[in-house]
Q: 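If you scroll down you'll find the structure; I have some questions about it.
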Amino acid sequence: MTTHSILNSLINKGIISKKQADSMATFESERAFSIHWELRSILYFGILLFSSGAGILIYENIDTIGHQAIIAVIAGVTIGCFYYTYKNSLPYSHEQVENPNKLIDYVLLLGCSTFLGLEGYLQYQYNLFGTRYGLAVLIPTILFFLCAYRFDHRGALSMAITGLASWLGLTIAPLSVISDNDFSDGKLIIPAIALGSILTAVGWISEEQKVKKHFAFTYMLMGGNLACIAAQIGLISHAPKILYFLVGIGLCYFFIWRARHAQSLLFLLMGTVYGYCILTYVIFTNLGPDAAFGLGIFYFLFSSVGVIYFLLNFKKFLGIKK
Amino acid sequence: MKKAYNETWVENLHIQHQAAEWKSKNLLTDEQEEEVIAQFEEKFYRPGIFVKIGLFIFAVVACSFFVGFLSLFIYDTGSEIGFSTLSLLCCGCFVFFLEYLIKTKNLFHSGVDNALLYSAVTAAIVPVFLLFEHAPLWIYCLVALTIVIPATLRYADLLGALAIFGLIFTLLADLMMKFPLGKALLPFGVMLISAGIYLVARKSTDIYYRECRQILEALSLVTFYLGGNYLVVRELNAIISGLNVSIAPQIAFAPVFYFFTLAIPVAYIAAGLKKANRIIFVIGLLAFAFSVYTYSHYFVALTVSQGLALAGTLMILVSVLLIKYLHTPRYGISDEQNRKNDLADLQALITARHLGATPAEPGLEFGGGTFGGGGAGEVY
């Protein structure tokens, strides 16, 4: 099946005229091959390679260069990046800002990461903040939040959320929530649930109030993931179980309910999977080991078939007409 | 082989995609695109990628517990024959459910059917391993191929194509390694088979196998290059001969492999640009990068950091110069941004993972973040 045969079948069905088909065929055959993304990828990987190479080079030669010089260079790069971003930015708006200057996103990101590097360097070398680590984390967090809203940058927003979480002593990046957090002593679970719920709420509010609506995804995914996992760990290892159960199920219900206004089916998946885990755990702990062993095969077989049925027909269940 | 999914719908789906692309270039009007969708209808159930993932996970759970469920009715699942019977029985049930769901629920690579297909194929292969325990490797490969090839022809599954490719090469390597001459000629064998697979795959024009064809093409281009790459051949040669030395010895026909290492990437890039074929072009670029690494591995004495900085500088220079040069399209090549970046949300999360370090630690690296090209993503 080629372009030509598709055009022919469109003509036969009377959707386009012969003339239009001819001009479309000409356009297709004369169209230039765009290597836009390939060139951009080479550029970004080049930047990445260069900056890591240069970083190691500096580290190897730190004795000959001297600390002040390095700090001056990093500070210069940071200020340069922020200045460039500010100069080329468009005015603030509640909506998504489409800046024709595509480079600006990456410059801001570079500025944010060199700012972190600079701060870390100052703390390491001159002990700038002493033992007030909280302050050291809070300053970039606030800066990144400001940047995210002012320059409309989702990358800066997620860096800011990460900073906020690490201020509480948590890791929030979706793939490392379980591996990098130490929930064993139970002290972190409540803050994790609280932060996660607040972030989810902020995402929801920004969507409802139409303030940077496209930020909702980042807020909800990071917050919801953290809160759901923390609630589950709380449910398994700590009392009062009923509280964790209610929080977890509430969040899952919220996610599934939100799939109605779905901007993202990812939340439907999160709600279903987390909800399934929580319900399964509660049912099995209440049944006791003997009954659980006997019923296990039937339960998993029929419940997973049930979930498949739900997912196959989720539009009908949730009343989505599309 | 009779196809499992409705072929007309698959074709209509392709026509709809093409129409949407033309619409985005303003070659078709809104009404014309709507008419295309109405005239070339398809009723496949195709949810977003995340619902697919959910369906796949739960279907795998359901399949595993179905095996457990059936095992309740069979006496001696402990013995090999008993378990093989159970496995074949499950395979039959899975295929039945698979066909039934495709017919009634209009599935088309929607997660459930993928999971059922993989479970059925696994269940069909398990008895072979149980009943012929000490057969040589190539027998297993042959038996697996006789199951996977018909399945892939019927269901046009991507993982099926991948498995066929892997099995063919395992078979080839296992057979050639048995003879000393075979060992010496292994690189040429790999290149020959890759070229063969590529030519066979190119012949298929059926839209039903479009994605399978693309993946086979890409893989065979990669193996063809790796089979001729000097570094791969030299290091693997040392490993195969069982040499335990820090520097692998020089190989026979070295000039031939020097030539391949340089010529293949250049040929790929040129062919990709000339034929406007993105698969060949991108693989050519990656192959070129690997060739540069091959060269510097043996002939250039730079430390890692110097190498990184130098490579980065060159890449930045070349890409910036090309972007400037292609400001107006030349020789049928342009720098026009015609694919949308659908991955903005996910990029933000990757950023958080890679750059979101807490500044309490000493941080020297100021990486710019990795942002690969944005492929066409699905609606979440």
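Only heavy atoms go into these numbers, but all of them, side chains included; no hydrogens, no water, no symmetry mates. In the text below, chain A, chain B and the rest are named by the order of the sequence lines, each starting its count at 1.
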Q: Counting only non-hydrogen atoms closer than 4.5 Å, does A/Phe144 touch chain B with its backbone (N, CA, C, O), its side chain (CB onward), both, or neither?
A: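 When you check distances to chain B, no heavy atom of A/Phe144 falls under 4.5 Å.
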Q: Heavy-atom pairs under 4.5 Å with chain B: which of A/Val305, A/Leu269, A/Thr272 has the most?
A: A/Leu269
Q: With sequence neighbours excluded, what pairs up with A/Tyr274 under the ring pair (Phe, Tyr, Trp, His ring centres under 6.0 Å) test?
A: none
Q: Where on A/Phe115 is there a heavy atom nearer than 4.5 Å to chain B: the side chain, the backbone, both, or neither?
A: neither
Q: What part of B/Val61 lies closer than 4.5 angstrom to a heavy atom of chain A: side chain, backbone, both or neither?
A: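 For B/Val61, the contact with chain A is made by backbone and side chain together.
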Q: Angle between ring planes, B/Phe65 versus A/Phe300, binned at 30° and 60°: parallel, tilted or perpendicular?
A: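 Because their plane-to-plane angle is under 30°, the rings of B/Phe65 and A/Phe300 count as parallel.
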Q: Answer with side chain, backbone, both or neither: which region of B/Leu285 has an atom nearer than 4.5 Å to a non-hydrogen atom of chain A?
A: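 Just its side chain gets close to chain A.
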Q: Using 30° and 60° as the class limits, which term best fits the ring planes of A/Phe298 and B/Phe69: parallel, tilted or perpendicular?
A: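 The rings of A/Phe298 and B/Phe69 stand perpendicular, inter-plane angle above 60°.
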Q: Using non-hydrogen atoms only, which part of B/Leu273 is less than 4.5 Å away from chain A: side chain, backbone, both, or neither?
A: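 It is both, since atoms from each part get that close.
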Q: Taking ring pair (Phe, Tyr, Trp, His ring centres under 6.0 Å) as the test, write out the residues that go with B/Phe288, two or more places apart.
A: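 Checked B/Phe288 against ring pair (Phe, Tyr, Trp, His ring centres under 6.0 Å); zero matches.
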Q: Is it the case that the side chains of A/Ser304 and A/Tyr276 hold a donor-acceptor pair, with the cut-off being a distance below 3.5 Å and no angle test?
A: no
